[in-house]
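First up is the structure itself, then whatever we jot down about it.
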Amino acid sequence: MVLDPGTDVPTIRATNQHGDAVQPTFEEPTVLYFYPADDTPGCTTEAEQFEAYAQRFADAGVSVYGVSTDGVDSHREFAAANGISFDLLADPEGRLCEAFDVPLVDGRSQRTTYVIANGRVVAVYERVAPDGHATNVFEDLVDTGVIAAE
């Protein structure tokens with residue numbers, strides 16, 4: 001069972017594709033999306049589409065983080081091959097998945113996205129279809145007033 005809207009989010013710390021320790025504050029609007037694996041068709045589509053929206057998210061003050069159970073080296077190669085500029089957080093032990101109650105299937109996170117602001121869950125998307133997801137999340141952020149319309 002995932003975290004419900006209104007729930008305080010846990011403090012997390014993970015390593016990104018550059019080998020840097022990252023600890024999001026979750027005070028500013030944040031998209032934290034969990035995906036099963038680097039270099040698979042659906043995950044590549046989802047990452048590329050979040051990248052296509054990366055500047056729009058950044059301009060609106062929204063941080064984007066991708067999380068999978070793949071390691072730093074896999075994330076580095078995946079980000080380089082697909083031009084991903086935002087942080088991909090490595091979660092090989094499944095600690096972030098556990099903290100956010102994201103189910104693991106065969107050691108891979110189920111595709112789940114959290115929108116977070118002011119340290120709390122604003123919205124949850126479960127069993128996400130990768131194609132179009134970044135667009136839907138961005139539009140929902142505008143529609144719900146989390147961010148201002150462009």
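Environment of CD in E27: crowded, with over 12 heavy atoms of neighbouring residues, nucleotides or ligands closer than 6.0 Å. Within a 6.0 Å radius of CD in E48, more than 12 heavy atoms belonging to other residues, nucleotides or ligands are found. Residue-environment remark: CG (D106) stays at or below the threshold of 12 foreign heavy atoms within 6.0 Å.
A chain of hydrophobic side-chain contacts below 4.5 Å, direct or via other Ile, Leu, Val, Met, Phe, Trp or Tyr residues, connects L96 to V9. Connection of L104 to V102 is not established within any shared hydrophobic cluster, with ILVMFWY side chains joined at heavy-atom distances below 4.5 Å, either directly or through further cluster members. Hydrophobic clustering keeps Y65 apart from F57 (ILVMFWY residues linked when any side-chain heavy atoms are closer than 4.5 Å, directly or through intermediates). Put simply, F50 and V122 are part of the same group of oily side chains (I, L, V, M, F, W, Y) that touch within less than 4.5 Å, one to the next. The cluster map of Ile, Leu, Val, Met, Phe, Trp and Tyr, joined by side-chain heavy atoms under 4.5 Å apart, puts V128 and V115 in the same cluster.
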Begin with the C-alpha distance, continue with both residues' side-chain angles, and end with the deciding distance and a verdict on side-chain hydrogen bond (donor to acceptor under 3.5 Å, both in side chains) for S85 and E51. CA-CA 7 Å; S85 63; E51 180 59 36; 2.9 Å; yes
Residue pair T112, V124: steps toward the side chain to side chain contact (heavy atoms under 4.5 Å, CB included) verdict: CA-CA 7 Å; T112 306; V124 183; 4.2 Å; yes
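In plain terms, the two heavy atoms of P29 and A117 that are nearest each other are CA-CB, 4.2 Å.
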Less than 3.5 Å apart, which donor and acceptor atoms pair up between the side chains of residues 129-146 and the rest of the protein, not counting sequence neighbours?
{"unit_1": "D131", "atom_1": "OD1", "unit_2": "Q49", "atom_2": "NE2", "d": "2.6"}
{"unit_1": "H133", "atom_1": "NE2", "unit_2": "T113", "atom_2": "OG1", "d": "2.7"}
{"unit_1": "T135", "atom_1": "OG1", "unit_2": "Y53", "atom_2": "OH", "d": "3.4"}
{"unit_1": "N136", "atom_1": "ND2", "unit_2": "G132", "atom_2": "O", "d": "3.4"}
{"unit_1": "D140", "atom_1": "OD2", "unit_2": "Y125", "atom_2": "OH", "d": "2.6"}
{"unit_1": "T144", "atom_1": "OG1", "unit_2": "D140", "atom_2": "O", "d": "2.8"}
{"unit_1": "T144", "atom_1": "OG1", "unit_2": "L141", "atom_2": "O", "d": "3.4"}

Donor-acceptor list for residues 69-83 side chains, cut-off 3.5 Å, not counting sequence neighbours:
{"unit_1": "T69", "atom_1": "OG1", "unit_2": "G107", "atom_2": "O", "d": "2.9"}
{"unit_1": "D70", "atom_1": "OD1", "unit_2": "R108", "atom_2": "NH1", "d": "2.7"}
{"unit_1": "D70", "atom_1": "OD2", "unit_2": "D38", "atom_2": "N", "d": "2.6"}
{"unit_1": "D70", "atom_1": "OD2", "unit_2": "S68", "atom_2": "OG", "d": "3.1"}
{"unit_1": "D73", "atom_1": "OD1", "unit_2": "R76", "atom_2": "NH1", "d": "2.7"}
{"unit_1": "S74", "atom_1": "OG", "unit_2": "D38", "atom_2": "OD2", "d": "2.7"}
{"unit_1": "H75", "atom_1": "ND1", "unit_2": "Y35", "atom_2": "OH", "d": "3.4"}
{"unit_1": "H75", "atom_1": "ND1", "unit_2": "D38", "atom_2": "OD1", "d": "3.2"}
{"unit_1": "H75", "atom_1": "ND1", "unit_2": "D38", "atom_2": "OD2", "d": "2.8"}
{"unit_1": "H75", "atom_1": "NE2", "unit_2": "L89", "atom_2": "O", "d": "3.0"}
{"unit_1": "R76", "atom_1": "NE", "unit_2": "Q17", "atom_2": "O", "d": "3.4"}
{"unit_1": "N82", "atom_1": "ND2", "unit_2": "F78", "atom_2": "O", "d": "2.9"}

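Taking the six-membered ring where tryptophan is involved, the planes of F100 and Y114 are tilted, since the angle between them lies from 30° to 60°.
To the nearest 0.5 angstrom, I116 atom CD1 is 10.5 Å from T7 atom OG1. To the nearest 0.5 angstrom, Y33 atom OH is 8.0 Å from C43 atom SG. A distance of 12.5 Å separates CG in L3 from CZ in R120, rounded to the nearest 0.5 Å. Within the model, atoms OG1 of T25 and CD1 of I12 stand 10.5 Å from one another, a figure rounded to the nearest 0.5 Å. Atom-to-atom distance recorded for E126:CD and Q110:CD is 7.0 Å, nearest 0.5 angstrom. Between the CD atom in E98 and the CG atom in D91 there is a gap of 9.5 Å [rounded to 0.5 Å].
In this view, R13 satisfies the side-chain hydrogen bond (donor to acceptor under 3.5 Å, both in side chains) rule with no residue, not counting sequence neighbours.
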